[in-house]
Amino acid sequence: GVWWVPGYIAALAAIFLITKLTKAEEARRKIPFAGMGGALMLIAMSVPLGFIPLHFSMAVLTGIVVGPGLGFIIVFVVNLILAFLGHGGFTVVGLNTLLMGAEVFVGVSVFRLLAARFHPVPRAVLAAAAAIFVSVALMIGLVTAAVGPEAVYHHGHHEFHWSALTGWSALFALLLVGIVLEAAVTGAVIGYILKVRPRLIESSQRIISRKEEDYEAGTD
């Protein structure tokens, strides 16, 4: 119950730091894309995936397009709007922002690190898969820390149960399906953006251009 207070404090502190470090001109230039990314995330997070215990967030996709800093802020705004609409409580907005914000930063970092090795589409797939996996692991760790491992595993009983093992295996399989689906959708959208507006994928272009400039400077 007390975790929501430090969650809000950490999320708002991160947003304050991001706004201080973000150049005003760059932020203004990305506002239209930030709005589209926020709308996409809002729709994706409002639609349940049925039996899969995840919903699409498109957080990594948004981070790739607008950058991790603005992506983090968008995550906070979207979670706040969803709370107003009755999708989750206001107390978990801060924690959800931190979890999904970590997903944004991990995804964009992986996407940029793989710039010299892969085409943007497989990079986006790998980045989304890695980021969602990290986010889910952090969520499980947070829930375990909040309610205690006994409440998560066997409800306080330490006996070994095949039914419990089967249940966790099924849950893991469903989570894996959800991760693969969102990673595939992220890659498909990045592929479409590359066809119609390739300049939106700015992060990879900046890294590639720097490497090309360094190479040309070294050959002169």
Side-chain angles (χ1 to χ4, degrees), residues 3 6-19 21-22 30 33-34 37-38 40-42 44-45 49 52-79 82 92-145 172 174-191 193 200-208:
W3 286 87
Y8 262 109
I9 293 174
L12 293 175
I15 291 173
F16 176 79
L17 182 61
I18 289 169
T19 55
L21 296 176
T22 302
K30 291 184 177 181
F33 308 125
L40 178 62
M41 287 182 60
L42 189 61
M45 293 175 63
L49 295 180
I52 299 176
L54 281 176
H55 52 69
F56 285 169
S57 69
M58 299 292 105
V60 174
L61 173 64
T62 301
I64 291 172
V65 174
V66 303
L70 284 177
F72 187 95
I73 295 175
I74 293 170
V75 164
F76 175 78
V77 173
V78 168
N79 275 285
L82 287 174
V92 297
V93 169
L95 292 173
N96 283 342
T97 300
L98 293 177
L99 291 173
M100 292 181 61
E103 184 177 322
V104 172
F105 277 95
V106 170
V108 175
S109 297
V110 173
F111 186 79
R112 291 178 176 177
L113 286 172
L114 298 177
R117 295 177 178 270
F118 297 102
H119 184 271
V121 172
R123 269 196 289 147
V125 172
L126 293 173
I132 300 169
F133 181 82
V134 170
S135 179
V136 170
L138 289 174
M139 179 185 66
I140 294 174
L142 181 63
V143 171
T144 302
F172 178 79
L174 291 175
L175 288 172
L176 187 61
V177 171
I179 291 172
V180 170
L181 285 176
E182 177 156 359
V185 171
T186 300
V189 175
I190 290 295
I193 293 175
L200 289 182
I201 314 301
E202 295 178 350
S203 58
S204 61
Q205 289 181 347
R206 283 200 300 268
I207 292 173
I208 292 172

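Keep in mind the model is a prediction, meaning the values are calculated, not measured.
Listed here is the closest heavy atom pair of Pro68 and Val108: CD-CG1, 3.9 Å. For the pair Ala11 and Gly94, the tightest heavy-atom approach, listed with the atom from each and the gap, is CB-O, 3.9 Å. Looking at every heavy atom in both residues, Val75 comes nearest to Asn96 through CG1-O, 4.4 Å. Residue Ala128 comes nearest to Ala183 through the heavy atom pair CB-CA, 3.8 Å, listed as atom of the first residue, atom of the second, then distance. Between Ile190 and Ala124, the closest heavy-atom pair is CG1-CB, 3.6 Å.
Listed by chain and residue number, Phe118, His119 satisfy the side-chain contact (heavy atoms from CB on, under 4.5 Å) test with Pro122 (two or more places apart in sequence, or in another chain). Partners of Ala130 under the side-chain contact (heavy atoms from CB on, under 4.5 Å) rule, at least two apart in sequence or in another chain, are Val110. Residues meeting the side-chain contact (heavy atoms from CB on, under 4.5 Å) test with Ala14, sequence neighbours left out: Phe72. By the side-chain hydrogen bond (donor to acceptor under 3.5 Å, both in side chains) test, Glu103 pairs with Ser57, Ser135, sequence neighbours left out. Remark: Ala102 pairs with Leu138 by the side-chain contact (heavy atoms from CB on, under 4.5 Å) rule, at least two apart or across chains.
The side-chain contact (heavy atoms from CB on, under 4.5 Å) with Thr62 is formed by just one residue from the set Ile64, Val66, Val65; it is Val66.
Each side-chain hydrogen bond (donor to acceptor under 3.5 Å, both in side chains) pair with one or both residues in residues 6-17, not counting sequence neighbours, would appear here, but there are none.
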Q: Given side chain to side chain contact (heavy atoms under 4.5 Å, CB included), test Arg123 with Arg117 step by step and report yes or no.
A: CA-CA 9 Å; Arg123 269 196 289 147; Arg117 295 177 178 270; over 6 Å; no
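Separation of atoms OG1 (Thr22) and CD1 (Ile73) is listed at 6.0 Å; rounding is to 0.5 Å. Atom CG of Leu40 and atom CG of Leu42 lie 9.5 Å apart (nearest 0.5 Å). Here the straight-line distance linking atom CD1 of Ile18 with atom CG of Leu70 works out to 8.0 Å at 0.5 Å rounding. Rounding to the nearest 0.5 Å places CE of Met58 at 14.0 Å from CD1 of Ile74. The distance from the CG atom of Leu98 to the CG atom of Asn79 is 10.0 Å, given to the nearest 0.5 Å. Between the CD1 atom of Ile132 and the CG atom of Leu181 there is a distance of 9.5 Å, given to the nearest 0.5 Å.
Under the 4.5 Å side-chain criterion, counting only non-hydrogen atoms from C-beta, Val60 is not in contact with Glu182.
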